Amino acid sequence: MQLLLARAASGAPSIVHLDAGVVERVAEDRLAARVAELEADEPRWVWSDTRHWYRPLLAAGVRVERCHDLRLARAILRASAAVDAYDPEAGADAGWEAPPEEHVPTARHAATPLFELGEFEASAGLKPPADLHSAAESMAEHERQEAALEAAGADASRLRLLLAAESAGALVAAEIHAGGIPWRRDAHESVLVAALGDRPPVGRKPRRLEELQAEIGAALDGPVQPDSQADLLRALRRAGLTVRSTRAWELQELDHPAIAPLLEYKKLARLLSANGWHWLDEWVRDGRFRPDYLPGGVVTGRWATRGGGALQLPKAVRGAVVADPGWRLVVADVAQLEPRVLAAMAGDDAMAEAARGRDLYDGIVQRGVVATRDEAKVAMLGAMYGASSGDGGRLAPRLGRAYPRAMGLVDEAAQVGERGGVVSTLLGRSSPLPSADWRALQSAASQPDATPADERRARTAAREWGRFTRNFVVQGTAAEWALCWLAEIRIGLHALGPTDSASSGTASGPVFAGRAHLVYFLHDEVIVHAPAEQAEAAADVVRAAAERAAELLFGDAPVDFPLDLAVVERYADA
DNA sequence: GGGCTAGGCGCC
DNA sequence: AAAGGGCGCCTAGCCC
């Protein structure tokens, strides 16, 4: 059963029963209850934008099992090389290309009533966000997508899996926002005070930074503002140091008394600006950090985030991620996800064998391809990213001889990109075309009057795009594996059912009180927040989901995806 | 004051 | 130790 949720022209919510062809008007204040009622029939909810529709439902205590996110599906179908029956111009003026709604700071969002339009009205002049697609527009888009899928022939089932996984990911993203990462302000502040000294007054630097700045100045014979790259570069050169930049790795090579305090300053200044007291004030409330994930936000299918930097939580502050009393964190990541995905999608049994039951890089060493684990890692990264120089460029060809199928797959993807072509992931997400500027460069280089400089520029640009498409197929298919993993974890955790463990306060929201739920996702890593008595069961769910994801994507291909998994109270202890 | 880029660095 | 792919976000410094 499919139910389409959208707004009538009047702005009132409507539920279109797509199978029965019946339109049901719903009063704004009855919508959440009505969705909950209909959820008993296990429908697939079809809607314009998961973030818009699902966040208020979650806040009202309503979980849905399945959805189809029209905006995300449209982006995939428009670009997919497996789809030629989808007119990219159809509906182009209906605002589907608009990015999802703007970030609303936590405090104000919490106060936003269900389905209020004030946010949009307050930003008059902007394009309407996706939520305001009328029921008619949403239905038309849905029909275009169905028709495109039906015409996709043999690729349709993989595309359908991709769309289902993408939509399930969008549900997870909204649910992570609702549940929130348990974040201990006191623990975070302890980290900051230990590193930087007490919180300074507004406009002042923390004590430790001032001390280090003075040390640097003394060593360089004059006051220095280390936050200013230009000032710092001048001071270093005045002291007789030959430097091209102020990057930490370049400074590390220098032997001078200013360097140690300078590197320490850079590290601490980074902590302060990225995850200092200001970040705590803005992003942590009621013991939760609520990331604003953007599923499908990266062309490869990886998620992006907007604000808060949830994809870059530095190791230094992970001690602040602490389970609620009586709860645990199940922290799991996949060892070497991308090379394993590559081995499976290429059907490279030799590489699968190197990975089976052990560290993939150790397996490569045992096969005698390279001498050390570090070399194996650098070679593999070099092969997947297209390294042309350095150790990666030197070592990657050895992998080509040992694992010709896997390396052939990425080499082929690179060649397609260098010619300006489109590559696709296993499930059918396709790379974008290179820009008009890029094509102009190639075209200029092929003219009879092309100069050597034209040819050099074109070749450089072609190789650069080839590195992108080379990586696209691996990164994108790994993202698909991760989406399937997330979707299976979500289903498995829900099936565990509720416990009597009250969440501390209501921080996790009404849907997750007493229930194990996902609270973090980072490309190949998840964190589940679970009642202690359910933690082992949740860990089993996470493991089983990894096996299921592998089956969904690769059938019975002989590649395993082992997890590093820990049940802990603190993220930092995983 | 806002918009922009560059440099730099955090994550995978 | 970086390189080689993908990002977000901070500051400084420049522009209008």
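Letters go in sequence order (proteins before strands), and every chain restarts at 1. Every heavy atom of this structure was used, including side-chain atoms; hydrogens, water molecules and symmetry mates were not. Since the structure is predicted, the reported quantities are computational estimates derived from the model, not experimental observations.
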Classify [X] by what it touches in the nucleic acid, base, sugar-phosphate, or nothing, heavy-atom distance under 4.0 Å.
{"X": "A/Gln229", "answer": "sugar-phosphate"}
{"X": "A/Arg318", "answer": "sugar-phosphate"}
{"X": "A/Ala248", "answer": "sugar-phosphate"}
{"X": "A/Arg467", "answer": "sugar-phosphate"}
{"X": "A/Val378", "answer": "base"}
{"X": "A/Leu337", "answer": "nothing"}
{"X": "A/Gly309", "answer": "sugar-phosphate"}

Original post:
5'-most contact on DNA chain C: A/Ala387 or A/Gly308, nearest heavy atom basis?
Top reply: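 Its nearest nucleotide being more 5', the pick is A/Ala387.
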Original post:
Are the side chain of A/Asp231 and the backbone of A/Gln225 linked by a donor-acceptor contact shorter than 3.5 Å?
Top reply: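 Checking the backbone N and O of A/Gln225 against the side chain of A/Asp231, a donor-acceptor pair under 3.5 Å is found.
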Subject >> Pair listing, salt bridge (Lys or Arg N to Asp or Glu O under 4.0 Å) test, anchored in residues 413-441 of chain A, at least two apart >> reply: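 Of all non-adjacent pairs touching residues 413-441 of chain A, those that pass salt bridge (Lys or Arg N to Asp or Glu O under 4.0 Å) are A/Glu166-A/Arg429.
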Original post:
Can you pull the contact range of chain A along DNA chain C, 5' to 3', using atoms under 4.0 angstrom from its heavy atoms?
Top reply: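 The footprint of chain A covers C/dA2 to C/dG13.
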Subject >> Aromatic ring proximity, centroids under 6.0 angstrom, A/Trp279 and A/His188 >> reply: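 Here the rings of A/Trp279 and A/His188 have centres that are less than 6.0 Å from each other.
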Original post:
Are the charged groups of A/Glu189 and A/Arg185 less than 4.0 angstrom apart, N to O?
Top reply: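 Result for this pair is yes, salt bridge flagged.
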Subject >> A/Asp49/A/Arg51 ion pair, N-O < 4.0 Å >> reply: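 Not counted as a salt bridge, because no side-chain N and carboxylate O are separated by less than 4.0 Å.
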Residues of [range] with any non-hydrogen atom less than 4.0 angstrom from an atom of DNA chain C: list those, numerically ordered, please.
{"range": "residues 564-574 of chain A", "result": "none"}
{"range": "residues 253-281 of chain A", "result": "A/Arg270, A/Ser273"}
{"range": "residues 231-247 of chain A", "result": "none"}

Original post:
Pick from A/Val519, A/Val322, A/Val331: which one makes a side chain to side chain contact (heavy atoms under 4.5 Å, CB included) with A/Tyr571?
Top reply: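 It is A/Val331; the other options fail the test.
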Subject >> Pair assignment for DNA chain C - dot-bracket with | for other-strand partners, Watson-Crick or G-U under 3.5 Å >> reply: ....||||||||||||
